[in-house]
There are 2 protein chains.
Amino acid sequence: MLSKERLIEFSDDARKNYLDHISIDCVVFGFHGGQMKVLLLKTPDEEKWYLPGGFVLKQEPIDDAATRILQERTGLDKIFLQQFRVFGDPDRSKFHNDLYRDMLPAGENWFSGRFLSIGYYALVDFFDVNPQPDQFSELCAWRDLDDMPELQLDHELIFKSALDTLRLQLNYQPIGYNLMPKDFTMPELQKLYETILDKKLDRRNFQRRVLAFGILTRADKPRKGGAHKAPYLYSFDLENYTNALTEGFKGGW
Amino acid sequence: MLSKERLIEFSDDARKNYLDHISIDCVVFGFHGGQMKVLLLKTPDEEKWYLPGGFVLKQEPIDDAATRILQERTGLDKIFLQQFRVFGDPDRSKFHNDLYRDMLPAGENWFSGRFLSIGYYALVDFFDVNPQPDQFSELCAWRDLDDMPELQLDHELIFKSALDTLRLQLNYQPIGYNLMPKDFTMPELQKLYETILDKKLDRRNFQRRVLAFGILTRADKPRKGGAHKAPYLYSFDLENYTNALTEGFKGGW
DNA sequence: CCTCATCGTGTACAAAGTACACAATTGTAA
DNA sequence: TTACAATTGTGTACTTTGTACACGATGAGG
């Protein structure tokens, strides 16, 4: 939480640089070794956590803003990041609003009034990330999906909405490019899908179905060293992968 | 186009009542008898057309705002209306911006500066609609999909994006409730799907597939009067329909 | 070299998707 | 009245996709 002096400073700054009453909230899903986490922030004063977010610079495309915000929190670049919905009920408001309501008169407090929030979700490997708190928080950390704390405001809704969208997306878009090491085995990729869907999949059928997408290439040599039969290594065929990203998988009608 | 006096009046009004720098644009698809149209507006001064849009009242949920805007243009209520994306590149701006740029200094002109637009799309029966121009336009009319005029700004992009979303949506959501008369025949419903997809579908397979959704109930009596065999009449089973709307159709993984 | 867990491939069955045949119905024209 | 054209309802054969499971192959450890 900011001191009154820092708040005044921030408000003046924000008024100059940022679009008013617009915020971006990111649901950053982190994966590694069959685990799935979400990146959350916390202030020292409050018990509730909140999603990483930020504001849009006056001359900045909103996708760039989301990328920048993510970069500031995770250090990561070039990751899967997608807008999925706007949250804008009048009774919601950027939580800083409530937090700083009493410190400054509304005219001087940039956080006062109604905020719309544009929801983005991202998929990252949480081993690549060293979470960085922002200027409002003391803590930025990965939280397990089945150990979620209570969230501020409508961040619960935003989070659930992101998860639903992700699971739907899985049906007609490839994922995994920046979530897997360059080379990986089929069981490892399957684990990723199972984690997202929270559901067991058949080993053999998964393999055939994924291969049918045509976005993987198999290496000649299997990975040695495991306690059992060495599985083949695969890597993403980037051309087909990005093609599938824009085209989508399955027809329907 | 507004006169300078009306512009001043509007700007003062807007500043009091609307959220700043946020607009809503609606892609209203109109259907009837195998035709598909889009609702567009035009000013007398400009050759280019634009999508019906509007602004969000300070205490209004954004979905309500979209509903209200649609109601003002079409007179319709309770129709399928869905948010699909935010458009917010800095080089876009509500076209009124350009239109009125020179009439007032930026400080007094509410339209000055960058606008974000929230895209909604709607499906209606254009026979139910008597298009109403807004205060900026002289004309509000249905335009055929294969006779589209050039559109202002990024409205071309918004329109295309809406059409893509609609076609995708068709794979896992029921449609048609407010596009068909209360009772309708299977060929009529098929025509709707073919129009949206711009693609012929097999008569018999369409029937079986749609029936398998379980959202239709067949009436006892067929529709008489046609020049050929009388087809059965169907109507939507509203409970199953709304259920399918929230649940979605097909699994995937 | 035997055991065990795991991996790759194959196969049998079910469900869904596709293509087409045929009979039934209705208004119209001979 | 009757033959005809257009269209609808149902059925069926075929293909593709999805699901469940069996088998042999591989590699590490005892």
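We name chains A, B, ... by the order of the sequence lines, and we start the count at 1 in each one.
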(message) In this structure, how many angstroms lie between the P atom of C:dC7 and the CG atom of A:N205, rounded?
(response) 15 Å
(request) Would you kindly give the NZ-to-P distance between A:K199 and D:dG18, to the nearest whole Å? (result) 13 Å
(message) Let's test your reading of the model: under 3.5 Å, does the base of C:dT18 pair with the side chain of B:R208 as donor and acceptor?
(response) yes
(request) Send over the distance from A:D202 CG to C:dC7 P, rounded to a whole Å. (result) 13 Å
(request) Could you point out which residue of B:Y177, B:F31, B:F236, B:Y232 forms a ring pair (Phe, Tyr, Trp, His ring centres under 6.0 Å) with B:F184? (result) B:F236
(request) Can you check each nucleotide of nucleotides 4-9 of chain D against protein heavy atoms at under 4.0 Å and return B for base, S for sugar-phosphate only, - for none, in 5' to 3' order? (result) --BBBB
Under 3.5 Å donor-acceptor pairs involving side-chain atoms of residues 139-148 of chain A, not counting sequence neighbours:
residue, atom, partner, partner atom, Å
A:R143, NH2, A:D147, O, 3.0
A:D144, OD2, A:K37, NZ, 3.1

(request) Take the protein atom NZ of B:K200 and the nucleotide atom P of C:dT18, then report the distance between them rounded to whole Å. (result) 17 Å
(request) Using side-chain contact (heavy atoms from CB on, under 4.5 Å) as the criterion, point out the one residue from B:L166, B:L123, B:L51 that pairs with B:V27. (result) B:L51
(request) Find the distance B:L211:CG to D:dG11:C1' and express it as a whole number of Å. (result) 15 Å
(request) Please report the closest heavy-atom contact between B:D25 and B:I158, naming both atoms and the distance. (result) OD2-CD1, 4.0 Å
(request) May I ask you to decide if A:L70's main-chain N or O and A:T74's side chain share a donor-acceptor pair within less than 3.5 Å? (result) yes
(request) To the nearest Å, give me how far apart CZ (A:F206) and P (C:dC7) are. (result) 13 Å
(message) To check you understand the geometry: which heavy-atom pair defines the closest contact between A:G34 and A:T195, and what is its length?
(response) O-OG1, 3.3 Å
